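In this text the structure is predicted, and so the values were computed from the model without any measurement.
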Amino acid sequence: MAGMVHGVAHVSYPGGGAFLPARSAEDWQDLISHVMDRVRTAGRVQVLTAGHRWILRRTVEQASIRCTSCGTTSDSGCFDGGLAFCVSCALAAPDDNRQHLEITGWDET
């Protein structure tokens with residue numbers, strides 16, 4: 001989003017938020033871990049980085065999503081249109097070879 005500094009991610013969720021570094025591959029791995037933990041505890045998480053916004057949510061109990069990009073299954077995911085993506089693929093570091101996705105809204109279906 002406009003105004004976010006390159007190399008910094010803002011993670012927000014019901015009841016809190018944090019600014020985390022997003023410069024190196026290790027930073028992105030830490031960011032992904034932090035976001036996955038927050039999705040599991042808070043249910044919904046927004047991640048803002050320079051020029052990107054992701055909305056993530058936990059799936060309903062006893063349901064899982066299959067990532068459109070890598071094919072893994074997960075109890076939390078990012079949704080874009082009718083497609084679901086795991087947190088790792090959605091938040092892939094910009095220099096990573098995986099697809100970098102912009103998630104712009106909740107998919108309630």
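The side-chain heavy atoms of Met36 and Ile32, taken from C-beta on, include a pair separated by under 4.5 Å. Taking 4.5 Å as the limit, some side-chain heavy atom of Trp54 sits within range of a side-chain heavy atom of Thr49. Within the 4.5 Å cutoff, side-chain heavy atoms of Arg23 are placed close to those of Val8.
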* Leu56 and Gln46: side-chain contact (heavy atoms from CB on, under 4.5 Å), yes or no, with the steps? -> CA-CA 6 Å; Leu56 305 97; Gln46 173 179 267; over 6 Å; no
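In terms of modelled atom types and a separation under 3.5 Å, the side chain of Thr68 and the main chain of Phe85 share no donor-acceptor contact. Between the side chain of Asp27 and the backbone N or O of Ser24, at least one donor-acceptor pair lies under 3.5 Å.
Annotation for Arg66 and Gly71: closest pair NH1-O, 2.6 Å, computed over non-hydrogen atoms. Ile65 and Cys86 make their closest contact through CD1-N, 4.1 Å (heavy atoms, listed as atom of the first residue, atom of the second, distance).
Listed by first and then second residue, the salt bridge (charged side-chain N to carboxylate O under 4.0 Å, His left out) pairs involving residues 34-43 are Arg40-Asp75 (not counting sequence neighbours).
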